[in-house]
Every structure is written in structure tokens, then in C-alpha cells.
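Numbering of residues begins at 1 and proceeds along the displayed sequence. What you see is a predicted model, and the numbers here were worked out from it, not measured in a lab.
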Amino acid sequence: GVAGRRILVTGGDGLIGSAVVRLLAERDARVDVYDLGGPDAAARAVRAGAENHISGSVADAEGVAKVIAGHDAVVHLAGIAGLDGGTAEQIYTANTLGTFLVMEAAARAGVAKLVYASSINASGLPLNPHPVLPARYPWDEDEPADIADAYSLSKQANEAAAHALSRRHALAM
């Protein structure tokens, strides 16, 4: 279980992140939130059950390494969701560099467990600017990717990074 464990949730002020923070806190985990933190982010994190809110970017290698140290587990949810959160360059950089830095720092810090949420968009189908249909229904992770946007590309790159870092560091994911 998670009771008593110190867990860091990146992106803990987001839609999915805040729900994860609440669930972990309800199960008696000691939860810290790390995200960019907009207005009232710290107050929202505490209301959700977090012990601490640390404001910072997952694209900051030093900040990420510092905040991950001492945690038993990391739930990585930070990033730019979808295509309307920035330019293609901003989306790809925030999502891929941020995810790589969190995973690498967790491995180096000896974190016992890393949870990373990918997306159906790792296939490229939902956000593709061209009409693309799956080869069959139900469609699953074996569907060949058809990527034509920065968000989907970042999700596919993150999955590749997770596999590579898991193999290199024997990090449970």
C-alpha cells in the first residue's frame, strides 16, 4: 500500500493530478506536489491533501533532482496536455524533456516506483490533422502509430524514454 509512503506528484495541480493527490492522501500517503503553480496552487494542493506544494518546472534538471530526493515514489503527470497549451516547440520540449528529467532523476535517486501516465495520443490517431481510422476495432496498443502533431510525438517519445530508462536503471514502472 501507499500508507506512510512519501510520494511526489508532478502536475499535481492539474485535472488528473489533483484527483491523484486526493486519492493518495485518502490512503494515508504523504503527498508532495511539484508543478508550475498558478494562482492559489499551493492552497489547492493542501485542500486536495498534499503536505507541500513546490513550484517549479519539470524542464529544470536541478529543480527536479532536488524535489525528487527523499521520495519513495513519483507519479509523473506534469506536461502540456493537447495542442492548445503552447506552440509545437513548447509542447514537445515540456513533455519530452520534462518526462526524461523526472524519470532520470527518479532512477538516480533510487525511487522505488515511478508511475507515468501516457496517452491514447501516443498512437497519433486522435489528434492527427488527417482523417485516420484504426485498422480494426477494438483498437489497442498494437495499432501502428500515425503521428503528425507535436503532442502525440511527445507521448510516443516519452514511452520510448520510459522503456530505455527502465532497462538502464532497472526502475519499476
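Taking CG of Asn121 as the start and CD of Gln156 as the end, the distance is 11.5 Å to the nearest 0.5 Å. In this structure, the separation between CG on Asp146 and OG on Ser123 is 8.5 Å, given to the nearest 0.5 Å. Atom-to-atom distance recorded for Leu97:CG and Tyr92:OH is 10.0 Å, nearest 0.5 angstrom. Taking CZ from Arg168 and CD from Glu104, the interatomic distance works out to 4.0 Å, rounded to the nearest 0.5 Å. For the atom pair CG (Leu77) and OG1 (Thr10), the distance works out to 5.5 Å, reported to the nearest 0.5 Å. Considering CG of Asp40 and CZ of Arg47, their distance stands at 7.0 Å, rounded to 0.5 Å.
In summary, Arg44 and Asp13 engage in a salt bridge, as defined by a charged side-chain N under 4.0 Å from a carboxylate O. Ion pairing of Glu51 with Arg6 is absent here, as no side-chain N (NZ or NE/NH1/NH2) approaches a carboxylate O to less than 4.0 Å. We find that Glu159 and Lys155 are not joined by a salt bridge, their nearest charged nitrogen and carboxylate oxygen being 4.0 Å or further apart. Taking the charged nitrogens against the carboxylate oxygens, Lys113 and Asp72 have no contact shorter than 4.0 Å, which rules out a salt bridge.
A chain of hydrophobic side-chain contacts below 4.5 Å, direct or via other Ile, Leu, Val, Met, Phe, Trp or Tyr residues, connects Ile54 to Ile68. Note on Val75: it does not cluster hydrophobically with Leu23, by side-chain heavy-atom contacts below 4.5 Å among ILVMFWY residues. Connection of Val20 to Val2 is established within a shared hydrophobic cluster, with ILVMFWY side chains joined at heavy-atom distances below 4.5 Å, either directly or through further cluster members. Using a 4.5 Å cut-off between side-chain heavy atoms of Ile, Leu, Val, Met, Phe, Trp and Tyr, with links allowed through other members, Leu36 and Val74 fall into different hydrophobic clusters. Hydrophobic clustering, with ILVMFWY side chains joined whenever heavy atoms are under 4.5 angstrom apart, keeps Leu153 apart from Ile120.
Ala145 and Ala122 make their closest contact through CB-O, 4.2 Å (heavy atoms, listed as atom of the first residue, atom of the second, distance). Of all heavy-atom pairs between Ala94 and Ile80, the closest is CB-CD1, 3.8 Å. Taking both residues in full, the closest heavy atoms of Val33 and Gly12 are given as CG1-CA, 3.6 Å, listed atom of the first, atom of the second, then distance. Residues Val111 and Ala73 share a closest heavy-atom pair of CG1-CA, 3.6 Å. Contact record, Ala25 with Ala48: CB-O, 4.0 Å, taken as the closest heavy-atom pair. When every heavy atom of Ala150 is checked against every heavy atom of Ile91, the shortest pair comes out as C-CG2, 4.3 Å.
Checking side-chain atoms of Thr87 against main-chain N and O of Gln90 turns up a donor-acceptor pair under 3.5 Å. For the pair Thr99 (side chain) and Thr96 (backbone), a donor-acceptor distance under 3.5 Å is absent. Listed for the His163 side chain is no donor-acceptor partner under 3.5 Å among the backbone atoms of Ala160.
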Test side chain to side chain donor-acceptor pair (under 3.5 Å) applied to Asp32 and His53, step by step | CA-CA 6 Å; Asp32 295 325; His53 177 273; over 6 Å; no
### Message
Working note: Asp142 + Arg136, criterion side-chain contact (heavy atoms from CB on, under 4.5 Å); need CA distance, chi angles, decisive distance, verdict.
### Response
CA-CA 10 Å; Asp142 294 328; Arg136 68 190 176 291; 3.7 Å; yes
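Residues Phe100 and Leu165 have side chains in contact (heavy-atom distance under 4.5 Å, counting atoms from C-beta outward). At least one side-chain heavy atom of His76 sits less than 4.5 Å from a side-chain heavy atom of Val58. Annotation: side chain of Val102 is not in contact with side chain of Tyr34 (no heavy-atom distance under 4.5 Å). Side chains of His169 and Met103 form no contact here, defined as non-hydrogen atoms less than 4.5 Å apart. At least one side-chain heavy atom of Trp139 sits less than 4.5 Å from a side-chain heavy atom of Leu125.
Residue-environment remark: CZ (Arg5) stays at or below the threshold of 12 foreign heavy atoms within 6.0 Å. Ile16 CD1: 12 or fewer foreign heavy atoms inside a 6.0 Å radius.
For Glu26, the salt bridge (Lys or Arg N to Asp or Glu O under 4.0 Å) test picks out no residue, with sequence neighbours left out.
No side-chain donor-acceptor contact under 3.5 Å links Ser57 and Asp60. No side-chain N or O of Tyr151 forms a donor-acceptor pair with one of Asn95 less than 3.5 Å apart.
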